[in-house]
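Residue numbers begin at 1 in each chain, while the letters A, B, ... track the order of the sequences.
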Amino acid sequence: MPELPEVETIVQDLRPLLQGRRVDRVDLRFPAIVRHPEPEAFVRELRGRRLGPLTRRGKYMLLELDAPLLLVVHLGMTGQLLHVVPEEPLRAHTHAILSLDDGTELRYRDVRRFGRLLLGSEAELVGSRKLPKLGPEPIDPDFKAVDLYHRLQGRKAPLKLLLLDQAVVAGVGNIYADESCFRARVRPDRPAGRLSRPRTARLHAALRDSLLEGILNRGSSVADYVDARGAKGRQQEVLLVYGRGGEPCFKCGRPLAAIRLGGRMTVFCRTCQR
DNA sequence: TTAAATTCCTGTAAGC
DNA sequence: TGCTTACAGGAATTTA
């Protein structure tokens, strides 16, 4: 599933390809994928716009337009944002196609349709709570271990659920939450508020390391994730615990535990993580 | 405010 | 082989 490293990879690839292009045509094939404004207004407002800088916030892609408008893309579970030539065969579950003035197309594809597209001014999207409040970027140098510590203090929910809470830190999903807890040698099911400062510092470093390595390897293609050219990433080949329940821990050799936290599969080592 | 449960959605894999 | 069923989970929404 697309998390911070996967979204960052797509954003880095697409940025130079989209900057300065004009949207000549908008083909909205599955209107419900647009969450704001009404689909008709979405198409009308987007057509003819010039594309500006593309950035990322958490798992959201933010594409600035020439008017003070933002095209927001969230990939959900199975979303793909593909930059292709029009001759490329149209695959099933393609919900939106933007035809650009250089003859290329930007296609949004999403099998499970958990993703979403939004269009509006920043004030409009944030003010109307179409976009949720997001916590700090975990790979931002200004985000320190002590910040994480304060955000976990007083919370009784299992640590992993807070890592997945986008209001606590932005961009972490199931894969990198499990990977970070293992690297930090902390149990994901511990009450978050009881994590000591040294352990929080380890977790903070592990979050950064896991996410930065994921970006370096162009993301984890565990299931559907591909980059803007349709190519898989490599991070799934070096994951330490995610999806490996029952298999031997790479560090101690004992079978990894698989439990359910907040309805999500969680894998960790009962020996190496405390 | 926090936390837990529910909902959305379909390809895949397991079970019979 | 072919059918049914469980499962994967991000985040909005609902409920406590």
Side-chain angles (χ1 to χ4, degrees), chain A residues 1-8 10 29-37 56-62 72-81 91-96 108-118 120 125-135 137-138 150-181 188-195 211 214 219-226 230 232 235-236 239 241-247 256 258-268:
Chain A
M1 54 242 63
E3 304 180 25
L4 186 156
E6 290 74 30
V7 177
E8 180 66 23
I10 295 173
R29 305 166 59 86
F30 179 71
I33 206 72
V34 172
R35 303 304 174 87
H36 184 85
R56 179 192 59 74
R57 180 78 176 92
K59 302 175 193 171
Y60 290 84
M61 290 187 254
L62 310 172
V72 179
V73 180
H74 193 295
L75 300 174
M77 288 285 299
T78 57
Q80 301 174 342
L81 197 57
R91 299 188 60 191
H93 310 293
T94 300
H95 304 314
Y108 182 76
R109 192 173 170 258
D110 190 350
V111 172
R112 268 174 255 184
R113 314 204 293 232
F114 278 12
R116 59 202 60 215
L117 307 179
L118 303 97
L125 294 176
V126 174
S128 64
R129 289 191 295 197
K130 297 287 177 191
L131 286 185
K133 224 174 266 174
L134 295 175
E137 291 289 327
H150 289 312
R151 285 173 175 271
L152 300 182
Q153 278 311 292
R155 303 291 297 262
K156 291 174 181 168
L159 170 63
K160 179 180 172 182
L161 295 192
L162 292 202
L163 293 180
L164 294 177
D165 184 343
Q166 301 302 298
V168 174
V169 282
V172 179
N174 208 28
I175 297 174
Y176 297 93
D178 275 7
E179 294 294 303
S180 300
C181 287
D189 56 345
R190 288 180 46 144
R194 289 233 276 276
L195 211 62
L211 294 167
S220 301
S221 294
V222 169
D224 303 73
Y225 170 73
V226 291
K232 289 179 186 291
Q235 184 65 16
Q236 71 281 1
L239 293 178
V241 288
Y242 176 83
R244 298 191 59 244
E247 295 176 37
L256 292 170
I259 63 171
R260 201 159 274 279
L261 279 183
R264 290 177 175 92
M265 182 51 63
T266 301
V267 180
F268 68 100

I want to confirm an ordering. Mapping A:Gly154 and A:Gly262 to their closest nucleotides on DNA chain B, which one lands closer to the 5' end?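 With A:Gly154 and A:Gly262 compared, the 5'-side residue is A:Gly154.
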
When you measure from the side chain of [X], which nucleotide among [options] comes out closest?
| X | options | result |
| --- | --- | --- |
| A:Leu161 | B:dA4, B:dA3, C:dG9 | B:dA4 |
| A:Arg155 | B:dC9, C:dA8, B:dT2 | B:dT2 |
| A:Arg116 | C:dA12, B:dA3, B:dT10 | C:dA12 |

On a plain distance test, is the side chain of A:Arg264 in donor-acceptor contact with the base of B:dA4 below 3.5 Å?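 Per atom types, no contact qualifies.
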
Which one of A:Asp189, A:Thr266, A:Asp165 satisfies the side chain to side chain donor-acceptor pair (under 3.5 Å) criterion with A:Lys160?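 The passing option is A:Thr266.
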
Please classify the nucleic acid contact of [X] as base, sugar-phosphate, or nothing, using heavy-atom distances under 4.0 Å.
| X | value |
| --- | --- |
| A:Met1 | sugar-phosphate |
| A:Gln166 | sugar-phosphate |
| A:Pro132 | sugar-phosphate |
| A:Phe30 | nothing |

What orientation do A:Tyr108 and A:His95 show, parallel under 30°, tilted 30 to 60°, or perpendicular over 60°?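 Answer is tilted, since the angle falls between 30° and 60°.
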
Which whole-number value in Å describes the distance from [X] [atom1] to [N] [atom2]?
| X | N | atom1 | atom2 | result |
| --- | --- | --- | --- | --- |
| A:Glu3 | C:dA8 | CD | P | 16 Å |
| A:Tyr60 | C:dA11 | OH | P | 6 Å |
| A:Asn174 | C:dA8 | CG | P | 10 Å |

Ignoring backbone atoms, test whether [X] places a side-chain nitrogen or oxygen under 4.0 Å from the OP1 or OP2 oxygen of [N].
| X | N | value |
| --- | --- | --- |
| A:Tyr242 | C:dG9 | yes |
| A:Lys130 | C:dA12 | no |
| A:Arg112 | C:dA8 | no |
| A:His93 | B:dG11 | yes |

Looking at A:Met77, A:Arg109, A:Arg112, A:Met1, which one forms a side-chain contact (heavy atoms from CB on, under 4.5 Å) with A:Asp224?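 Going through the options one by one, the only one that passes is A:Arg112.
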
Go through A:Arg244 and A:Leu239 one step at a time and tell me if the side-chain contact (heavy atoms from CB on, under 4.5 Å) criterion holds. CA-CA 9 Å; A:Arg244 298 191 59 244; A:Leu239 293 178; 5.9 Å; no

Applying the 5.5 Å / 30° rule, does A:Phe114 stack onto the base of C:dG10?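 Here the ring of A:Phe114 and the base of C:dG10 are stacked, with centres under 5.5 Å and planes under 30°.
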
Distance check, rounded to the nearest 0.5 Å: A:His74 atom NE2 versus A:Asp110 atom CG?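 With rounding to 0.5 Å, NE2 (A:His74) is 10.5 Å from CG (A:Asp110).
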
How bent is the helix from B:dT2-C:dA16 to B:dC16-C:dG2, measuring the angle between the end axes built from five pairs each, rounded to 10°?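 One end axis against the other gives 50°.
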
